[in-house]
Amino acid sequence: MDGLSEKLFAERFPTEQDTVSEIINLEAILRLPKGTEHFLSDLHGEYGAFCHLINSCSGVIRTKINELFGASLSSSERSDLATTVYYTAEKIERAKQEGKNTETWYKTMLKRLTLLARECGKKYTRSKVRKSMPKEFAYIIDEMLHSSTDDGDRDAYYDEIFTEILQLGCADAFMIAIAALVKRLAVDRLHIVGDVFDRGENPDKILDILQSYHSIDFQWGNHDILWMGAAYGSRVCIATVIELCLKYGNLELLERGYGISLRDLAFYADRLKFDPKFAINAAGKKISESDSRIAAKMRKAVFLMMLKLEGQAIGRHPEYEMDDRALLRKIDVRGGTAEIDGMSVPIKTSDFSSLDFRDPFRLTPEEESVLEFLREAFTASEKLARHVKFLTGRGAMYSVFNGNLIFHGCIPLDENGNFLPVAACGGKSGKACMDSFTRLVKAAAVTRKECDTDIFWYLWCGKGSPLFGRKKLAAFECIYARGSGLTAEEKNPYYTLAHKRAVAEKILAEFGLTGEHCHIINGHIPVHCKEGENPVKADGKLIVIDGGFCRAYHERTGIAGYTLIYNSYGMRLAAHSPFCGVREAIESNRDIVSDITVFDTVGSRLKVADTDTGAQIRSQIAALKAERKEKFGNPI
């Protein structure tokens with residue numbers, strides 16, 4: 001041992017008995033059941049549905065309730081208990097309004113919640129359960145969960161405690177605390193497989209919750225990486241974020257959610273002529289005609305700035321190999337056409353009358369002023385900075401966890417299924433490509449230089465980007481060349497080839513994963529359930545969990561998203577119906593899990609010893625045994 005490790009060892013385990021006790025404790029942990037993992041993808045700002053999935057753990061809590069109370073409670077009573085766990089404060093308030101908040105009601109609910117917490121805590125050591133408890137009630141909850149009395153004595157014991165809680169006037173707070181513990185213990189690890197931002201209204205509220213989650217990792221999605229670039233001052237990302245917020249009628253997210261004023265952009269754009277091609281997609285939101293018209297003008301103004309900034313970024317980075325997307329250079333004003341994908345397409349060139357076609361990517365002084373104001377507003381937003389710091393610190397291009405390879409988009413492949421070298425990351429491919437992009441992102445977050453932060457924009461829409469996975473982003477075509485056949489966005493071969501077991505296994509092996517129970521888990525491309533598409537592909541080696549969580553996709557996919565649960569018995573996929581809203585969920589005890597598919601079950605129940613954590617614990621045990629022998633001279 002070196003001097004530092006000797007000191008730490010002496011402080012933590014001053015006696016041989018301390019060392020032996022720690023070894024025994026770690027050995028006991030290895031024999032506990034594997035913790036439950038919860039996978040969510042493509043949330044796209046749908047805060048209400050996200051909260052319900054987090055509260056319900058995608059059906060984990062309801063399953064626990066059915067297992068524990070299936071023989072003693074009716075279906076309606078079990079549903080009521082589940083909703084009480086999900087929305088405890090709201091259910092208490094409803095009981096008060098209906099006059100049901102009697103001593104009997106409180107004692108009944110408290111007992112059921114306590115038994116449920118006790119059941120959920122069986123997977124963990126007493127120490128871990130204790131650390132998960134709300135501090136204000138930790139002692140009494142610990143006593144109740146670990147009481148050694150038999151069933152008859154336990155009922156009397158609980159009744160005495162509940163009576164005291166009621167007399168002290170803290171029954172509401174205790175119910176909320178014990179329900180929170182149930183939710184905390186139901187899931188051991190949360191995986192977010194990208195795309196919290198855009199389309200829906202409240203990604204900021206989702207991130208507030210994710211920041212405080214007890215155990216989480218985050219795989220960046222292309223929409224997340226775009227917002228990260230904007231927060232770090234990339235002007236091309238800022239223009240793109242604003243264009244998307246205007247397109248989907250989400251200005252409140254910028255202005256109220258993140259405190260980013262669009263005043264200067266509005267003043268600048270108000271002089272432009274209204275163009276219906278830039279009309280916003282309000283998706284049911286109530287927006288006045290005047291606000292809708294100014295939003296369309298703002299979108300038109302920022303869209304042109306975005307095209308100029310894209311051209312500048314492409315010029316700074318020949319390695320992006322995106323010269324074909326520097327579209328302002330390809331406009332023929334006299335002919336009224338633009339060259340797109342090698343074709344001459346008629347467009348309305350009068351829209352570009354303010355361009356200097358000798359230098360088409362140069363911003364006007366007014367545009368420079370507007371963009372500088374916006375850049376300062378984005379970089380000065382404390383809330384956005386806090387969220388992006390979380391995404392940068394906890395996030396990466398991919399994660400390998402307990403035999404699963406988790407990423408948002410794709411691993412770029414060529415037509416033959418070989419790993420595709422990507423010039424933007426130095427010609428690397430496969431795992432080396434993903435690792436290189438993670439380093440580039442984290443380095444840009446430090447330097448914040450324009451040339452470095454261009455990587456965020458590239459990962460948003462570059463043709464070799466693993467987060468984007470397409471040859472082009474057809475935003476220009478959707479505005480100016482709709483109906484020309486040029487709006488299609490060709491996907492990387494990964495999205496068809498990875499459906500073959502051999503290709504999926506090749507990808508897994510690239511990341512060091514082999515064996516029967518290894519999987520690829522990704523999102524990004526919605527699964528069209530209503531057309532019969534199966535989210536489990538490649539003979540179970542690939543699971544796609546983007547089933548259209550965002551409301552905008554429900555009609556296309558036929559469901560409201562997939563989530564994945566991986567527990568000690570194996571994997572199960574939950575297909576969800578659209579969220580009915582908190583009020584209806586409380587009043588009718590409605591849930592949003594509509595179908596559960598169990599697959600890849602294991603022969604014997606998985607234990608902590610079978611996980612990545614188990615491997616770390618075994619290393620700790622080996623080190624403790626070696627140190628014990630060295631320090632105390634007694635082998636084990």
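Below, all heavy atoms of this structure are taken into account, side chains as well, without hydrogens, waters or symmetry copies.
A donor-acceptor contact shorter than 3.5 Å is absent between the side chain of N567 and the backbone of E37.
The CZ atom of F278 sits 11.0 Å away from the CG atom of L246 when rounded to the nearest 0.5 Å. Remark: I178 CD1 to I141 CD1 distance equals 4.0 Å, nearest 0.5 Å. Expressed to the nearest 0.5 Å, how far CG of N522 lies from CG of D42 amounts to 9.5 Å.
Comment: K91 engages D80 in a salt bridge, judged by a side-chain N to carboxylate O separation of less than 4.0 angstrom. Salt bridge E98/R94: present, at least one basic N to carboxylate O contact under 4.0 Å. Using a 4.0 Å cut-off between charged side-chain N and carboxylate O, D172 and K96 make a salt bridge. Electrostatic pairing of E119 and K123 does not count as a salt bridge here, judged by no charged N lying under 4.0 Å from a carboxylate O.
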Test side chain to side chain donor-acceptor pair (under 3.5 Å) applied to D217 and H191, step by step: CA-CA 5 Å; D217 54 69; H191 306 278; 2.8 Å; yes
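For Y258 and H387, the gap between ring centers is short of 6.0 Å. For F197 and H44, the distance between ring centers is not under 6.0 angstrom.
No side-chain donor-acceptor contact under 3.5 Å links Y566 and H38.
Under the 4.5 Å side-chain criterion, counting only non-hydrogen atoms from C-beta, F218 is in contact with D224. Between L226 and H223 the shortest side-chain heavy-atom distance does not fall below 4.5 Å.
A cation-pi geometry, defined here as NZ or CZ lying under 6.0 Å from the six-membered ring centre and within 45° of its normal, does not hold between K205 and F50. K107 forms no cation-pi arrangement with F162, by the criterion of a distance under 6.0 Å to the ring centre and an angle within 45° of the ring axis.
Classified by interplanar angle (parallel below 30°, tilted 30° to 60°, perpendicular above 60°), the ring pair W227/F378 is tilted.
Across L181 and A117, no two heavy atoms sit closer than the pair CD2-CB, 4.3 Å. Here the closest non-hydrogen pair linking D610 and R605 is OD2-O, 4.4 Å.
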